[in-house]
Amino acid sequence: MPFQAPRGTEDVLPSDSHRWSRLESIFRELSSRYGYHEVRTPTFEDTSLFVRTSGDTSDIVSKEMYTFSDKGGRDLTLKPEGTAPIMRAVIEHNLCPPGAVLRMSYIMPIFRYGRPQKGRYREAHQVGLEILGSPSPAADAEIIEMTVKFYDLIGIEGAEVKLSTLGREECRVRFREAILEHTRSFLADQPEEARSKVERNPLRMLDSKDPDTQAALQGLRPILDFLEPESRANFDTLQELLQEADIRYQVDPSIVRGLDYYTETVFEVQSSKLGAQSSLCGGGRYDCLSEELGGRPLPAVGVAMGIERALLVLDELGKAGESDRPDLFVVTAGNQAAGAARELARKLRSSGYSVLLDIDQKSLKSQLRQADKSGARYAAIIGEDELGRGTAQLRDLATSEQSEIPLEEIARHLGGKA
RNA sequence: GCGGUUGUAGCUCAGGGGUUAGAGCGCCUGACUGUGGCUCAGGAGGUCGUGGGUUCGAUUCCCAUCAGCCGCCCCA
């Protein structure tokens, strides 16, 4: 095997690319119904964009970025997430003037250098949504509603949202102190490395899977006890809105999120079918991101949903889906008919039908086998007799019913086409 | 990045220090000459992940490396 795809990357093969297209078109359709417009940003950005926004203590920035310098000496990074580039574009093009609300969607690859595993790749793909310009919990609710709707539409029903809030600056400062205070004796026994990591970002302890860590956190007051009154009110309103929309959710204060720019609302949808990578999507509010990038204050909420992970869950659910079937396979008997067959195929294709044709001059038997394998609904057989009469034998491949009809009438038999 | 585990045909897997490495599925061809799916017959396809080492001899043992998977970590 002289070459193989780089570690942590995948080829999407013709046999299952339809599953990707399906998810993407469902997503596009949903976004447009809610009035979102797609935004596309470059595959790489200035490294400092991510260092500035994700937080330099985050693992993403400190060890998972694909960073390189180009021939002009620019320090660049393959984007490890989508929100910072979008915010950069919004500021750069002044897309969201004061008072405006901007809704955007995206489908993009992201790149993170980590040890690959099921559901964790070095190149991954996500679809996402962002609303900029509104501080209202109604914006949060809209994003969450669309997220749940998306999973519903693709066939992951009853997704349960895990919801929490990180409050604002003051709340987090006090909560961090509370964590450190509460776990002081536990941390004293920990190795230096773990300790310094926790000291940089104590919140990280909350979603640790380590039983000892979890034990040490027993009895800690949840972050919800530290919320500023305004955040508390927003969180309550959000929950009312979710109930109104009939969205299942569960308040889970252990939801943290890996990027440092989140404020207030954070949420995830998880699945037990993903092994160690339990979250299907992650989102939340990032009211300070714009300012961190030098823009004016701009409240915002968004979500990013992993395509590979959604596909993985659909696999587990046994929902592989089917690829599109051609409407017709044109079969020729004898080599005189090849031209007429191509002509017929061309006409029907122009009318929007999906038509297949043997191009290797194979036997009639082989052509019919190909027709069968292709999943085509009909085969049109043209031999010398039919050629003379301007007809074809139209065979229904499921029922084996066959009748001779004029070539011009084939389209009518195939049924309507937009 | 750490710990583990796996790597044999397109796919799922069996095998085993020694002449031409197997199965099922898939693929191709054919079964009296213009008809698919079923059945039957035949066929193509593997440098046994890669590179070293041990050995008279390795795909089988050892080491390294690459890749997948599991857990940690991280998160989409």
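- Within the nucleic acid shown, A:Tyr121 comes within 4.0 Å of at least one base atom, counting heavy atoms only.
- When atom types are taken as modelled, the side chain of A:Asp327 and the backbone of A:Ser354 share a donor-acceptor pair closer than 3.5 angstrom.
- Straight-line distance between the C1' atoms of B:rU65 and B:rA21: roughly 25 Å, to the nearest whole Å.
- Per the geometry, CZ belonging to A:Phe50 stands 21 Å off P belonging to B:rC74, to the nearest Å.
- Residue contacts shown for A:Ala124 include a base, since a base heavy atom lies under 4.0 Å away.
- Residue A:Arg7 has a polar side-chain atom (N or O) positioned under 4.0 Å from OP1 or OP2 of B:rA67.
- With the nearest nucleotide of RNA chain B identified for both A:Ile307 and A:Ala5, A:Ala5 has the one nearer the 5' end.
- Between the C1' atoms of B:rG46 and B:rC11, the separation comes to 14 Å (whole Å).
- Side chain of A:Arg120, nearest nucleotide from B:rC73, B:rC75, B:rA67: B:rC73.
- Among the atoms of the strands shown, none is found under 4.0 Å from any heavy atom of A:Ala379.
- Residue contacts for A:Gly8: at a heavy-atom cut-off of 4.0 Å it reaches the sugar-phosphate backbone alone, with no base atom in range.
- Under the 3.5 Å distance criterion, with hydrogens and angles disregarded, no donor-acceptor pair is assigned to the side chains of A:Glu130 and A:Tyr36.
- Straight-line distance between the P atoms of B:rU60 and B:rG68: roughly 22 Å, to the nearest whole Å.
- A salt bridge is absent between A:Arg52 and A:Asp46; no separation between the charged side-chain nitrogens and carboxylate oxygens falls under 4.0 Å.
- Atom P of nucleotide B:rA67 and atom CZ of A:Phe3 are separated by 14 Å, given to the nearest angstrom.
- Rounded to a whole Å, the CZ atom of A:Phe267 is 16 Å from the P atom of B:rC75.
- No donor-acceptor pair closer than 3.5 Å links the side chain of A:Lys79 to the backbone N or O of A:Glu45.
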Give me, pair by pair, the N or O atoms of the protein and of nucleotides 26-32 of chain B that are less than 3.5 Å apart, along with how far apart they are.
{"residue": "B:rC28", "atom": "OP1", "partner": "A:Lys373", "partner atom": "NZ", "Å": "2.7"}
{"residue": "B:rU29", "atom": "OP1", "partner": "A:Ser366", "partner atom": "OG", "Å": "3.4"}

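- Base contact: A:Gln402 has a heavy atom under 4.0 Å from a base atom.
- Between the side chain of A:Ser69 and the main chain of A:Arg74, no donor-acceptor pair closer than 3.5 Å is present.
- Stretches of at least 3 consecutive Watson-Crick or G-U wobble pairs, with each checked distance under 3.5 Å, appear in RNA chain B as B:1-7 with B:66-72, B:10-13 with B:22-25, B:27-31 with B:39-43, B:49-53 with B:61-65.
- Not a single donor-acceptor pair under 3.5 Å links the side chain of A:His37 to the backbone N or O of A:Ser31.
- Using P as the reference atom, B:rA23 and B:rA31 are 25 Å apart when rounded to the nearest Å.
- When distances run from any side-chain atom of A:Glu64 to the nucleotides B:rC66, B:rC74, B:rA76, the shortest one goes to B:rC74.
- Taking the P atom of each, B:rG30 and B:rG36 are spaced 11 Å apart, rounded to whole Å.
- Contact annotation: A:Gln117 side-chain N/O to B:rG71 OP1/OP2 distance is under 4.0 Å.
- For the pair A:Ser279 and A:Gln393, both in contact range of RNA chain B, the more 5′-proximal nearest nucleotide belongs to A:Gln393.
- For the residue pair A:Thr9 and A:Glu123, no side-chain donor N or O sits within less than 3.5 Å of a side-chain acceptor on the partner.
- Nucleotides B:rU6 and B:rC75 place their P atoms 30 Å apart, quoted to the nearest Å.
- B:rC62 and B:rU54 are spaced 7 Å apart, taking the C1' atom of each and rounding to whole Å.
- Electrostatic pairing of A:Arg174 and A:Glu177 does not count as a salt bridge here, judged by no charged N lying under 4.0 Å from a carboxylate O.
- To the nearest angstrom, P of B:rC75 lies 10 Å from CZ of A:Arg309.
- Going from atom CD of A:Glu384 over to atom P of B:rG34 covers 11 Å, rounded to whole Å.
- Counting non-hydrogen atoms under 4.0 angstrom, A:Gly114 reaches nothing in the nucleic acid.
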Given A:Thr147 and A:Phe267, is the side chain to side chain contact (heavy atoms under 4.5 Å, CB included) satisfied, shown in steps?
-> CA-CA 10 Å; A:Thr147 301; A:Phe267 70 94; 4.1 Å; yes
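- At a threshold of 4.0 Å, the pair A:Glu316-A:Lys118 counts as salt-bridged, since one of the basic side-chain nitrogens sits closer than that to a carboxylate oxygen.
- In this structure, A:Leu206 atom CG and B:rC74 atom P are separated by 12 Å, rounded to whole Å.
- A donor N or O paired with an acceptor N or O is not found under 3.5 Å between the base of B:rG71 and the side-chain atoms of A:Arg115.
- Between the C1' atom of B:rG37 and the CG atom of A:Asp372 lies a distance of 5 Å, rounded to the nearest Å.
- A:Gly128 comes within 4.0 angstrom of no nucleic acid atom, judged by non-hydrogen atoms across all strands.
- Side-chain atoms of A:Arg122 come within 3.5 Å of backbone atoms of A:Gly114 as a donor-acceptor pair (strictly under, hydrogens ignored).
- Contact between the side-chain N/O atoms of A:Ser208 and the OP1/OP2 oxygens of B:rC73 is found at a separation under 4.0 Å.
- Checked by atom type and distance alone, the side chain of A:Ser363 pairs as donor or acceptor with a backbone atom of A:Ser366 at under 3.5 Å.
- Distance check on atom C1': B:rG37 versus B:rU47 gives 38 Å, rounded to whole Å.
- A donor-acceptor contact under 3.5 Å is formed by the side chain of A:Glu386 with the base of B:rG34.
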